[in-house]
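Notes for the one structure printed next.
In what follows, chains are A, B, ... by sequence order, proteins preceding strands, each numbered from 1. Model, not experiment: these values are computed from the prediction.
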Amino acid sequence: MRRSVGNGDGWRRYDAAMSAPSTPGFVESPEAVRSFRRRLLGFFDSEARDLPWRRTSDPYAIWVSEIMAQQTRVETAVPYYRRWLERYPDVHALAAAPIDAVLKSWEGLGYYSRARNLHRAARIVAETLGGRVPDTVDGLRALPGIGEYASGAIASIAFDRPAPAVAGHVRRVFARLHDDPSPTGSGVRDWAQRVVDPGRPGDFNQALMELGATVCTPRRPDCGSCPVADFCRARMAGTAEVRPAPKARTKVKSEVRLVAVFIDDSADERHLLMRRRPDEGLLAGMWEFPSRVAAARVGKRATMEALDDLARAHGVPVGKALAERAPPRPLEPVLHKFSHLHVEYRPWVVSTAGLDGSEPAQGPDLAAGSTRAERPTLVRWISATAVEELALPVAQQRIVTSALRPFTAGADPRAG
DNA sequence: AATTCGGGGGC
DNA sequence: GCCCCAGAATT
């Protein structure tokens with residue numbers, strides 16, 4: 001399963017680099033690096049988690065796993081990975097799939113541009129590269145969604161290229177080995193390039209990450225079971241727990257959104273009015289209920305006016321008549337925390353039963369009144385069954401569940 | 001160099 | 001609450 005290249009280039013590169021005085025490292029000799037590699041790979045061989053993408057040599061599958069794992073705990077990515085390879089077993093299957101299906105498969109993983117870029121890249125590979133995933137760092141790096149880390153990871157794991165792959169784990173391991181509170185990107189990369197085992201580069205890179213994930217953890221590192229503790233300056237200094245220094249975090253904005261859940265329950269099956277977000281920006285291409293920003297303290301009157309505005313903008317015929325026949329009903333607020341934004345969604349159910357001409361706005365009138373960045377690409381009445389086929393952000397999914405709870409078979413009337 | 005991209009798990 | 005997770009793209 002693991003091929004070996006072992007051309008020896010790595011050693012020559014290492015020897016040359018280590019003779020340079022400007023690169024102080026945790027190792028001072030080629031023998032030490034050899035020992036470091038041996039211990040780390042021994043740890044990997046005996047302790048590594050049995051992750052599904054470690055049982056394949058398919059470059060496409062390894063590529064998928066690397067994209068899914070970005071900014072995501074690998075345990076979270078595992079079930080997505082399995083389903084993905086069933087649905088899209090090779091690059092051609094992915095290239096042939098519509099973007100909406102791809103987003104649905106990614107639903108819940110977050111950072112949806114990863115799915116969009118993976119899909120775009122699959123089409124490039126299928127259509128212009130004969131279906132062959134590039135086997136070099138530069139070739140991989142040229143594909144959308146594959147950056148410095150992923151190109152090195154895929155090149156080393158799938159193609160035995162002795163390239164560095166610096167993920168967050170590796171940066172932390174480096175910071176502790178060197179007792180460096182704030183390592184620079186190039187510093188870590190250069191070090192990783194020098195120490196990567198040219199005989200087993202993919203396993204070596206995974207071993208560094210495995211160490212960071214399971215032993216050299218952000219808090220309470222288990223130095224007692226670390227295979228390379230002898231090399232660790234932070235351990236000697238007793239500073240492992242405070243290395244690296246925490247990153248300066250950007251301040252998070254807050255936002256309150258009034259959400260309109262228009263329900264047409266005049267027919268046998270209920271329909272919900274939903275819109276598809278623009279193809280760029282936050283949650284690109286995902287479906288949602290109409291909403292607009294509101295003040296944290298919004299009165300009843302302003303709420304009703306906003307709902308009326310949303311209705312008009314989306315082609316829902318409402319007005320005084322509606323309010324009198326079926327007053328909007330508030331649902332439990334949904335709090336959602338994005339990395340850079342906290343949103344409180346305040347959903348209101350508005351029944352449009354019995355109203356005539358409930359056709360959503362289309363074309364140039366699509367969601368009139370919304371700003372360009374918020375303008376949806378589609379507005380549709382979606383049946384309660386079909387809504388399960390749409391790619392929904394987690395917060396919207398919660399609103400759907402909440403809105404349909406009264407109609408759900410076996411619903412607990414005390415819930416909600 | 002700083003921001004913008006989700007969502008969840010651990011403490 | 002806060003932190004960070006097998007980061008990439010954009011500005």
Side-chain angles (χ1 to χ4, degrees), chain A residues 44 48-49 51-54 62-81 103 106-118 120-121 140-154 156-158 164-173 175 182 184-186 188-189 192 202-214 216-221 241-242 244-253 277-286 288 334-343 373 391-398:
Chain A
F44 185 71
R49 293 165 293 179
L51 302 172
W53 48 85
R54 288 181 179 160
I62 291 166
W63 172 18
V64 170
S65 77
E66 289 302 336
I67 303 304
M68 282 190 174
Q70 287 174 11
Q71 296 297 287
T72 306
R73 292 176 201 290
V74 296
E75 299 84 5
T76 304
V78 166
Y80 285 88
Y81 171 85
L103 287 175
W106 205 270
E107 183 185 80
L109 256 190
Y111 286 143
Y112 297 95
S113 66
R114 291 184 295 169
R116 304 176 76 85
N117 284 331
L118 180 55
R120 278 207 295 148
L140 289 160
R141 184 74 175 77
L143 291 172
I146 299 184
E148 188 172 296
Y149 161 77
S151 58
I154 299 167
S156 63
I157 297 170
V166 177
H169 289 319
V170 176
R171 178 175 178 274
R172 182 172 58 255
V173 169
S182 51
T184 65
S186 62
V188 182
R189 188 172 57 251
D203 288 345
F204 181 89
N205 284 335
Q206 291 187 80
L208 274 182
M209 292 186 279
E210 188 76 11
L211 185 71
T214 65
C216 196
T217 49
R219 275 162 301 191
R220 310 260 327 204
E241 293 209 36
V242 295
K247 297 179 197 173
R249 55 182 193 286
T250 58
K251 52 179 178 286
V252 179
K253 299 177 190 172
R277 294 178 61 89
D279 290 323
E280 294 179 353
L282 185 69
L283 302 167
M286 305 293 281
E288 66 177 9
V334 173
L335 302 170
H336 197 80
K337 297 160 86 161
F338 300 92
S339 323
H340 61 295
L341 179 68
H342 293 186
V343 182
L392 263 57
V394 168
Q396 301 297 316
Q397 188 64 60
R398 296 210 168 107

Check your understanding: Do A:N117 and A:Y111 have side-chain heavy atoms sitting under 4.5 Å apart?
Key -> no

Exercise for review: Taking only the side-chain heavy atoms of A:P246 (C-beta and beyond), determine which of C:dC2, B:dG8, C:dC4 contains the nearest atom.
Suggested key: C:dC4

Check your understanding: Between C:dG7 atom C1' and A:E66 atom CD, what is the distance in whole Å?
Key -> 11 Å

Practice item. With heavy atoms under 4.0 Å as the rule, sort A:W106 into base, sugar-phosphate or nothing. Key: nothing

Study note, to complete from the structure: Among C:dA8, C:dC2, B:dG6, the one nearest any side-chain atom of A:Q71 is B:dG6

Exercise for review: With heavy atoms under 4.0 Å as the rule, sort A:A69 into base, sugar-phosphate or nothing.
Suggested key: base

Practice item. Kindly check if the number of other-residue, nucleotide or ligand heavy atoms within 6.0 Å of CD (A:E107) is above 12? Key: yes

Check your understanding: Is there a donor-acceptor pair closer than 3.5 Å between any side-chain N or O of A:T217 and the backbone N or O of A:A213?
Key -> no

Check your understanding: Taking the side chain as C-beta and beyond, is there a heavy-atom pair between A:L51 and A:Y81 under 4.5 Å?
Key -> no

Check your understanding: Touch check for A:E75, heavy atoms < 4.0 angstrom, all strands: base, sugar-phosphate only, or nothing?
Key -> nothing

Point to revise | Interatomic distance where NZ belongs to A:K247 and C1' belongs to B:dA1 [whole Å] | key: 13 Å

Practice item. Assign A:R141 to base, sugar-phosphate, or nothing according to its heavy-atom contacts below 4.0 angstrom with the strands shown. Key: sugar-phosphate

Practice item. Whole angstrom is fine here: how far is it from CG in A:L118 over to P in C:dA8? Key: 13 Å

Revision key, fill the gap. Whole-Å distance, A:K253 NZ to B:dT4 C1', equals 10 Å

Check your understanding: Can you tell if the side chain of A:E210 reaches within under 4.5 Å of the side chain of A:V74, non-hydrogen atoms only?
Key -> no

Review point. If you measure from the P atom in B:dG6 to the same atom in C:dT11, how many Å do you get, rounded?
Key: 16 Å

Check your understanding: Taking the nucleotide of DNA chain B with the closest heavy atom to each, which residue, A:S339 or A:K251, is nearer the 5' end?
Key -> A:K251

Exercise for review: Look at the side-chain N and O atoms of A:Q70 and state whether any lies under 4.0 Å from the OP1 or OP2 oxygen of C:dG7.
Suggested key: no

**Study point:** Atom pair distance, as rounded to whole Å: CZ in A:R249 and C1' in C:dC3
**Key:** 9 Å

Point to revise | Note, A:R114 side chain near A:L109 side chain (heavy atom, < 4.5 Å) | key: yes

Practice item. Could you tell me whether A:I67 contacts a base, only the sugar-phosphate backbone, or nothing, with contacts defined as non-hydrogen atoms closer than 4.0 Å? Key: nothing

Exercise for review: Describe the nucleic acid contact of A:G212 in one word from base, sugar-phosphate, nothing, applying a heavy-atom distance below 4.0 Å.
Suggested key: nothing

Exercise for review: Would you mind classifying the nucleic acid contact of A:F338 as base, sugar-phosphate or nothing, using non-hydrogen atoms under 4.0 angstrom?
Suggested key: sugar-phosphate

Point to revise | Distance test, side-chain N/O of A:H340 to OP1/OP2 of B:dC5, below 4.0 Å | key: yes

Practice item. Using a cut-off of strictly less than 4.0 Å, decide whether A:Y111 has a side-chain nitrogen or oxygen near OP1 or OP2 of C:dC5. Key: no

Revision key, fill the gap. Assert: residue with more 5' nearest nucleotide on DNA chain C, out of A:I146 and A:R49, is A:R49

Practice item. Measure from the side chain of A:T72, starting at C-beta and using heavy atoms only, and say which of B:dG6, C:dA8, B:dG8 lies closest. Key: B:dG6

**Study point:** Side-chain heavy-atom pair A:V64, A:W53 within 4.5 angstrom cut-off
**Key:** no

**Study point:** A:L103 CG to B:dC5 C1', straight-line distance once rounded to whole Å
**Key:** 14 Å

Exercise for review: Identify whether any heavy atom of A:I62 sits under 4.0 Å from a base atom; if not, whether one sits that close to sugar-phosphate; answer base, sugar-phosphate or nothing.
Suggested key: nothing

Exercise for review: Respond yes when some side-chain nitrogen or oxygen of A:R114 is under 4.0 Å from OP1 or OP2 of C:dC5, and no when none is.
Suggested key: no

Point to revise | Minimum-distance nucleotide (side-chain atoms of A:R73 versus B:dT3, C:dC4, B:dG6) | key: C:dC4

**Study point:** Short side-chain N/O contact from A:H336 to OP1 or OP2 of B:dG7, under 4.0 Å
**Key:** yes

Check your understanding: Which one is paired to C:dC5, where only Watson-Crick or G-U wobble pairs with both distances under 3.5 angstrom count?
Key -> B:dG7

Check your understanding: Heavy-atom distance under 4.5 Å between the side chains of A:D279 and A:R116, does that happen here?
Key -> yes

Check your understanding: Heavy atoms under 4.0 Å, any strand shown: does A:S113 hit a base, just sugar-phosphate, or nothing?
Key -> nothing

Practice item. For A:A77, report the nucleic acid contact type (base, sugar-phosphate, nothing); a contact means any heavy atom under 4.0 Å. Key: nothing

Review point. Does A:R172 place a side-chain N or O at less than 4.0 Å from the phosphate oxygens OP1/OP2 of C:dC5?
Key: yes

Exercise for review: Output yes when at least one side-chain N/O atom of A:R219 is less than 4.0 Å from OP1 or OP2 of B:dG10, else no.
Suggested key: no

Exercise for review: For A:L109, report the nucleic acid contact type (base, sugar-phosphate, nothing); a contact means any heavy atom under 4.0 Å.
Suggested key: base

Review point. B:dC5 P sits how many Å from A:D279 CG, rounded?
Key: 14 Å

Review point. For the pair made of CG in A:L140 and P in C:dG7, what is the distance, rounded to whole Å?
Key: 17 Å

**Study point:** Same-atom distance (P) from C:dA9 to B:dG8, integer angstrom
**Key:** 24 Å

